[in-house]
Trainee: 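The structure is given below, and queries will be raised subsequently.
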Amino acid sequence: MAAIQITDIKKKYPNLQALDGVSLSIEQGEFFGLLGPNGAGKTTLISIIAGLNRADSGHVSVMGHDVVTDYRAARRQLGVVPQELVFDPFFTVRETLRMQLGYYGLKKNDAWIDEIMENLDLTNKADTNMRALSGGMKRRVLVAQALVHKPPVIVLDEPTAGVDVELRQTLWKFIGRLNREGHTIVLTTHYLEEAQALCSRIAMLKAGKVVALDTTKALLEQV
Ligand code: ADP
Ligand code: ADP
């Protein structure tokens, strides 16, 4: 069973074919890169994988669960780190993470929340309100939030866009460790260097189409 199976996805916005027949099979345990320039359709594809946006045609399943007809099961298997920093400003970091656990119908697990915060260097911000955090700290919370329900598959939309060098290093290290522990990782980026450094296989998306798909090594030999 593939971690994420994407079959002939098409999505049109009023004036634009954002996705034009995308098919990809991302295997369990892979560190997969979705590379492409701004406007290629990466965010649209991720929102469809996350069940937040509907495709016009085609299918996506996560660990065998269709994201439309079996949404709750698919969502349980998936952690998504979106690009936008959207939070309730008056909740603390800890409350934000607890609330996310509740969203999945899971019991409060403070030991686990402490562990995630520790790994993302958030411990000393645990009781700080979200509105008082810097952009970089908010991004760490976004990552933590995506992981609270221990999903086997983790999708990150441009996680290092606009972050400083230190946080980029922290995120790369942490994501790498998650992958070695067995999580499937899918990362979008418009930086070739980032995909090259992290991913074992890369799909290149351009104007809504997959224009290249190969191991990182083979792909680099072509350019
Ligand atoms: P990427 O993440 O690769 O930058 P996006 O998926 O964000 O690409 O966008 C793909 C194209 O679709 C872009 O041209 C973008 O402007 C357009 N687009 C994205 N969302 C919408 C929307 N809700 N309505 C209309 N056009 C959109
Ligand atoms: P990206 O950095 O991935 O290209 P954008 O900053 O273009 O994303 O888009 C931010 C948000 O606005 C996304 O949720 C996207 O769906 C939406 N969006 C992007 N382009 C358009 C558009 N042309 N019309 C309406 N919504 C859009």
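Numbering starts at 1 and runs along the sequence shown. Side chains included, hydrogens not; waters and symmetry mates left out as well; all remaining heavy atoms used. Just so you know, ligand 1 is whichever comes first in the structure, and atom 1 is the first atom listed for that ligand. For clarity, every value in this text was computed on a predicted model and none was experimentally measured.
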Trainee: Heavy-atom distance to atom 1 (P) of ligand 1: which of G208, A207, G39 wins?
Mentor: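 That would be G39.
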Trainee: Heavy atoms only: which of A18, G36, G41 lies closest to atom 8 (O) of ligand 1?
Mentor: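 Of the listed residues, G41 has the closest heavy atom.
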Trainee: Mind checking whether K42 has an N or O less than 3.5 Å away from an N or O of ligand 1?
Mentor: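 Checking ligand 1 against K42, an N or O pair does fall under 3.5 Å apart.
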Trainee: Taking only residues two or more places apart in sequence, or in another chain, which ones meet D164 in a salt bridge (Lys or Arg N to Asp or Glu O under 4.0 Å)?
Mentor: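 Scan of D164 (salt bridge (Lys or Arg N to Asp or Glu O under 4.0 Å), adjacent residues dropped) gives none.
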Trainee: With L34, which of T188, D157, I26 fulfils side chain to side chain contact (heavy atoms under 4.5 Å, CB included)?
Mentor: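 Exactly one pass, corresponding to T188.
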Trainee: When you measure from the heavy atoms of S47 to every atom of ligand 1, does any distance fall below 4.0 Å?
Mentor: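 Not so, S47 does not reach ligand 1.
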Trainee: Pick whichever of T188, N15, I48, L16 has a heavy atom sitting closest to atom 14 (O) of ligand 1.
Mentor: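 Closest candidate by heavy-atom distance is L16.
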Trainee: Distance under 4.0 Å to a non-hydrogen atom of P37: what atoms of ligand 1 satisfy this?
Mentor: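 It comes down to these atoms of ligand 1: 3 (O).
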Trainee: Please tell me whether E194 and T189 have a donor and an acceptor in their side chains that are separated by less than 3.5 angstrom.
Mentor: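 There is such a pair between these side chains.
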Trainee: Can you name the nearest heavy-atom pair linking V80 to I46, along with the distance?
Mentor: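 That would be CG1-CG2, 4.2 Å.
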Trainee: Give the atoms of ligand 1, by number and element, whose distance to some non-hydrogen atom of T43 is under 4.0 Å.
Mentor: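 Counting from 1, the qualifying ligand atoms are 1 (P), 2 (O), 6 (O), 7 (O).
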Trainee: Short question: side chain of E221, backbone of A218 - any donor-acceptor pair under 3.5 Å?
Mentor: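 Such a contact is absent between E221 side chain and A218 backbone.
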Trainee: Please identify which atoms of ligand 1 are closer than 4.0 Å to at least one heavy atom of T44.
Mentor: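 Near T44, the atoms of ligand 1 are 5 (P), 6 (O), 9 (O).
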Trainee: If you measure from the Lys or Arg side-chain nitrogens to the Asp or Glu carboxylate oxygens, is any gap between D20 and K11 under 4.0 Å?
Mentor: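 Between K11 and D20 there is no salt bridge, as every charged N stays at least 4.0 Å from the carboxylate O atoms.
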Trainee: Between E27 and R201, does any NZ, NE, NH1 or NH2 come within less than 4.0 Å of an OD or OE carboxylate oxygen?
Mentor: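 Salt bridge between R201 and E27, a charged N being under 4.0 Å from a carboxylate O: no.
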Trainee: Quick one: which ligand 1 atoms are inside 4.0 Å of a heavy atom on A40?
Mentor: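 Going through ligand 1 atom by atom, the ones under 4.0 Å from A40 are 1 (P), 3 (O), 8 (O).
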Trainee: Check each atom of ligand 1 against the heavy atoms of N38 and keep those under 4.0 Å away; list them by number with element.
Mentor: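 Per the distance check, 4 (O).
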